[in-house]
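For reference, the structure is listed below as structure tokens.
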Protein chains: 2
Amino acid sequence: MNGALGILGGMGPLATADFFQKVIKATPAARDQEHIPIFIYSVPQVPDRTESILSGKDEPLTWMRKGIETLCRSGAECIAIPCNTAHYWYEKLVDGLDIPVLHIVDATAASLASKDINEGPIGLLATTGTITAEVYQKRFSVLGYECITPNPDTQINGVTAGIEAVKAGDLDNARRRLEAAANTLVEQNCHAIVLGCTEIPIVLNSETNHSPRIQYLDATQSLAEASVRWHLDLPGKKQRII
Amino acid sequence: MNGALGILGGMGPLATADFFQKVIKATPAARDQEHIPIFIYSVPQVPDRTESILSGKDEPLTWMRKGIETLCRSGAECIAIPCNTAHYWYEKLVDGLDIPVLHIVDATAASLASKDINEGPIGLLATTGTITAEVYQKRFSVLGYECITPNPDTQINGVTAGIEAVKAGDLDNARRRLEAAANTLVEQNCHAIVLGCTEIPIVLNSETNHSPRIQYLDATQSLAEASVRWHLDLPGKKQRII
């Protein structure tokens with residue numbers, strides 16, 4: 001299957017659906033046949049990523065490897081993983097793999113650059129797993145961005161509780177908690193805030209943002225755009241027959 | 001993979017994403033791990049279904065068979081096809097298959113019954129392929145429903161043009177055309193209108209419906225609910241390990 005994108009999803013499922021929709025909307029296509037062939041593996045039974053990181057376990061890696069294997073067997077030629085925390089295992093996942101896996105932090109950095117945001121501080125709303133594992137901090141520091149994260153109390157009651165509310169479908173409650181967390185980052189002089197957990201943009205986005213002081217950077221949207229760029233950049237794409 | 005649902009999608013891709021989201025939202029789950037494992041095959045290069053039906057060609061069948069084969073190999077135990085027109089080939093598709101394929105018209109009929117709508121006339125907004133192939137009319141007439149379809153001019157300029165506008169992402173234009181088509185069915189005494197093309201509920205739904213005279217029945221939603229029922233009805237589901 002030429003030019004097919006594989007989505008390793010299920011972490012969580014609603015975030016996978018959001019990412020899928022963002023890829024479709026970011027694709028320049030006027031009819032069905034011009035859209036990207038996509039395979040999705042959405043198996044939400046993969047153990048909680050944050051819990052695994054905090055307890056030093058690599059269990060999710062086995063699940064993710066099985067998912068990528070299934071996607072490759074179906075014909076995927078590139079993998080996107082719409083889960084920030086899962087990127088903790090990125091290096092181990094790509095080891096030995098002969099197709100590219102897009103990195104969500106690189107995709108987000110590309111969005112920052114395209115918006116002419118070239119220096120920090122950048123606020124980060126993400127799971128405790130993503131923050132503890134320094135998924136963003138490490139890659140961002142190389143690029144010269146300072147990464148500001150919420151204080152422990154806000155992280156627990158604003159971010160973690162907000163993400164859990166999204167997963168449970170309690171969206172109004174989720175939005176209230178996450179907006180409060182974002183405001184604490186603005187108070188620390190962050191005007192660009194990375195929504196670094198795929199559940200967050202479901203409730204915080206340009207439609208819900210009424211503050212001229214905050215610019216949200218949706219990592220899911222960035223990964224979707226990077227996926228479309230990968231597809232459009234394939235040599236001879238238009239001539240290839242699926 | 002026990003209890004996994006396979007989605008044969010891509011017809012079109014946005015409708016597939018809409019269906020995926022509806023399945024997730026219809027699932028009683030408070031955390032990721034309680035959601036249904038799902039595989040999606042979204043290959044939008046399958047030839048246009050309506051054109052194929054009108055010109056007497058079976059080309060889409062080959063594509064769809066390949067999709068179901070891929071989904072089964074990934075571990076799917078049941079197939080849902082979020083494309084009404086594709087159900088023209090339903091009997092040929094299920095022939096020889098050893099896992100169930102949910103039928104979108106049966107799912108819609110179940111929704112009508114659950115809303116205590118037990119007699120016609122029922123309006124139908126669908127592609128010209130679905131209407132010409134009598135996908136709904138045949139199964140509905142057995143159940144005692146009369147099916148009313150738009151006149152030829154409304155079908156072309158309201159329904160077909162509206163569906164094409166959804167596929168091209170021109171949603172406001174799509175909504176205007178499809179609402180006008182729905183109104184011609186209300187004038188023919190239809191108060192329940194089946195949205196029998198997966199692109200239509202993207203722009204016509206309970207949020208956009210301000211008329212107390214119209215009740216929209218979203219076939220995509222009905223199929224999503226039937227998919228969740230299939231999963232929850234599996235024997236010993238909770239005990240099964242993926």
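Throughout, protein chains are lettered first and strands after them, A, B, ... in sequence-line order, and every chain is numbered starting at 1.
What you find for B/Lys167 and A/Asp32 is that their closest heavy atoms are NZ-OD2, 3.0 Å. In terms of heavy-atom proximity, B/Pro37 sits nearest to A/Pro44 at CA-CD, 3.8 Å.
Judged purely by atom type and a 3.5 angstrom limit, B/Gln45 uses its side chain to pair as donor or acceptor with the backbone of A/His35.
Using a 4.5 Å cut-off between heavy atoms, A/Thr27 makes no contact with chain B at all. Residue A/Ile36 touches chain B through its backbone alone, counting heavy-atom pairs closer than 4.5 Å. Heavy-atom distances place no part of A/Val23 under 4.5 Å from chain B, backbone and side chain included. Looking at B/Leu14, the atoms closer than 4.5 Å to chain A (heavy atoms on both sides) sit in the backbone and in the side chain alike.
Residues B/Ser74 and A/Phe39 have side chains not in contact (no heavy-atom distance under 4.5 Å, counting atoms from C-beta outward).
Most heavy-atom pairs under 4.5 Å with chain A: of the set B/Ala168, B/Ser42, B/Gly10, this distinction falls to B/Ser42. No other option in A/Ile24, A/Thr70, A/Asp18, A/Asp170 has as many heavy-atom pairs under 4.5 Å with chain B as A/Ile24. Top candidate by heavy-atom pairs under 4.5 Å with chain B, chosen from A/Leu71, A/Val46, A/Ile38, A/Leu5, is A/Ile38.
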